Undergrad: 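This is the structure I have questions about; it appears just below.
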Amino acid sequence: AQMLAGIPTTPAPALFDNELNLIYDSKCAVCQWEVDFLRSRDERGRLTFTDLESEAFEEGAARNGQLDYATALSSFHAVRADGELLSGVESFRAAYDAVGLGWVWALYDNRIVAAFLDAGYALFARYRTDITRGSTIEALVAARSARQSARPRSPTGMSTSV
């Protein structure tokens, strides 16, 4: 047990058994390629993956970084087992480190390189869905909302799978 002001504390339970949960968009070919690559390198099972386009993606869930769909679409995200949310290049860096390829991102330790990579990724992320899915984030959010509204509701008010 850890100590806080002389009082023993117990760490919060892990949200999942793996080191990181990567939140990704399976309908984006670039994103899916990255996930497939990381899966192929994850020999020690440190990563888990949640497709934001699947039924398993629960908006607001701690294991999903408490992200909503629109925010999840806006950037690549990773959630550590302790609940820490990483976004953009930091999520790639953590994922590569988890699969033993952290050296790939060693250049990110240089402030100038980090600023360049962050700016480049931010630009890509801003237009990613337009480029890879042919639609804006706003249009994808509206379409998802319409699909969810059209789902039948159970007597408890929860939407049911069709």
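Atoms considered below: every heavy atom in the structure, side chains included; atoms not considered: hydrogens, waters and symmetry mates. Values in this document were obtained by computation on a predicted structure and should not be read as measured data.
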Undergrad: Between Arg133 and Asp25, is the side chain to side chain contact (heavy atoms under 4.5 Å, CB included) condition met? List the steps.
TA: CA-CA 10 Å; Arg133 295 184 60 176; Asp25 178 1; 2.9 Å; yes
Undergrad: Strictly distance-based, threshold 3.5 Å: is any side-chain N or O of Ser75 a donor or acceptor partner for the main-chain N or O of Gly88?
TA: yes
Undergrad: Are Leu107 and Val89 linked, directly or through other ILVMFWY residues, by side chains that come within less than 4.5 angstrom of each other?
TA: yes
Undergrad: Would Thr50 and Tyr24 count as a side chain to side chain contact (heavy atoms under 4.5 Å, CB included) if you check the C-alpha gap in whole Å, the side-chain angles of each, and the deciding distance to 0.1 Å?
TA: CA-CA 6 Å; Thr50 301; Tyr24 73 100; 5.8 Å; no
Undergrad: Considering residues at least two apart in sequence or located in another chain, which fulfil the side chain to side chain contact (heavy atoms under 4.5 Å, CB included) criterion with Leu101?
TA: Phe37, Arg41, Tyr96, Val99, Trp103, Val104
Undergrad: Can a donor-acceptor pair be found, under 3.5 Å and without considering hydrogens, that links the side chain of Asp68 to the backbone of Thr71?
TA: yes
Undergrad: Restricting to non-hydrogen atoms, name the atom on Ala98 and the atom on Glu19 that form the minimum distance, rounded to 0.1 Å.
TA: CB-OE2, 3.7 Å
Undergrad: For Leu38 and Ala95, work out which heavy atoms get closest and say how close.
TA: CD1-CB, 3.9 Å
Undergrad: Measure the OG1-OH distance between Thr136 and Tyr127 for me, rounded to the nearest 0.5 Å.
TA: 11.5 Å
Undergrad: Say whether Ile23 and Leu15 are linked into one hydrophobic cluster, either directly or through other cluster members, by side-chain heavy-atom distances under 4.5 angstrom.
TA: yes
Undergrad: Taking only residues two or more places apart in sequence or in another chain, which ones pass side chain to side chain contact (heavy atoms under 4.5 Å, CB included) with Phe16?
TA: Asn18, Asn21, Thr48, Arg63, Val79, Ala81
Undergrad: Quick one, Arg128 and Leu73 - any side-chain contact, counting heavy atoms below 4.5 Å?
TA: yes
Undergrad: Enter the distance from Leu86:CG to Arg80:CZ here, rounded to the nearest 0.5 Å.
TA: 5.0 Å
Undergrad: Do Leu47 and Trp105 share a hydrophobic cluster (ILVMFWY, side-chain heavy atoms under 4.5 Å, transitive)?
TA: yes
Undergrad: Applying ring-ring contact (aromatic ring centres under 6.0 Å, His included), which residue pairs with at least one partner in residues 48-75 are found, sequence neighbours left out?
TA: none
Undergrad: Please output the side-chain donor-acceptor pairs of residues 117-126 that fall under 3.5 Å, not counting sequence neighbours, one pair per line with the distance.
TA:
{"from": "Asp118", "atom 1": "OD1", "to": "Tyr108", "atom 2": "OH", "distance (Å)": "2.5"}
{"from": "Asp118", "atom 1": "OD2", "to": "Tyr108", "atom 2": "OH", "distance (Å)": "3.0"}
{"from": "Tyr121", "atom 1": "OH", "to": "Phe76", "atom 2": "N", "distance (Å)": "2.8"}

Undergrad: Within a strict 4.5 Å, meaning less than it, do heavy atoms of the His77 and Leu85 side chains meet?
TA: yes
Undergrad: Please list, chain by chain and in numerical order, all residues satisfying side-chain hydrogen bond (donor to acceptor under 3.5 Å, both in side chains) with Gln32, sequence neighbours excluded.
TA: Asp36
Undergrad: Can you confirm whether more than 12 heavy atoms, excluding those of Glu59, are under 6.0 Å from its CD atom?
TA: yes
Undergrad: What are the two closest heavy atoms between Ala78 and Leu20, and how far apart are they?
TA: CB-CD2, 4.1 Å
Undergrad: Applying side-chain hydrogen bond (donor to acceptor under 3.5 Å, both in side chains), can you list everything that pairs with Asp17, at least two apart in sequence or on another chain?
TA: none
Undergrad: Count I, L, V, M, F, W, Y as connected when their side-chain heavy atoms are under 4.5 Å apart, and connections chain through other members. Are Leu52 and Val30 then in the same cluster?
TA: no
Undergrad: Is there a donor-acceptor pair under 3.5 Å between the side chain of Ser149 and the backbone N or O of Ser145?
TA: yes
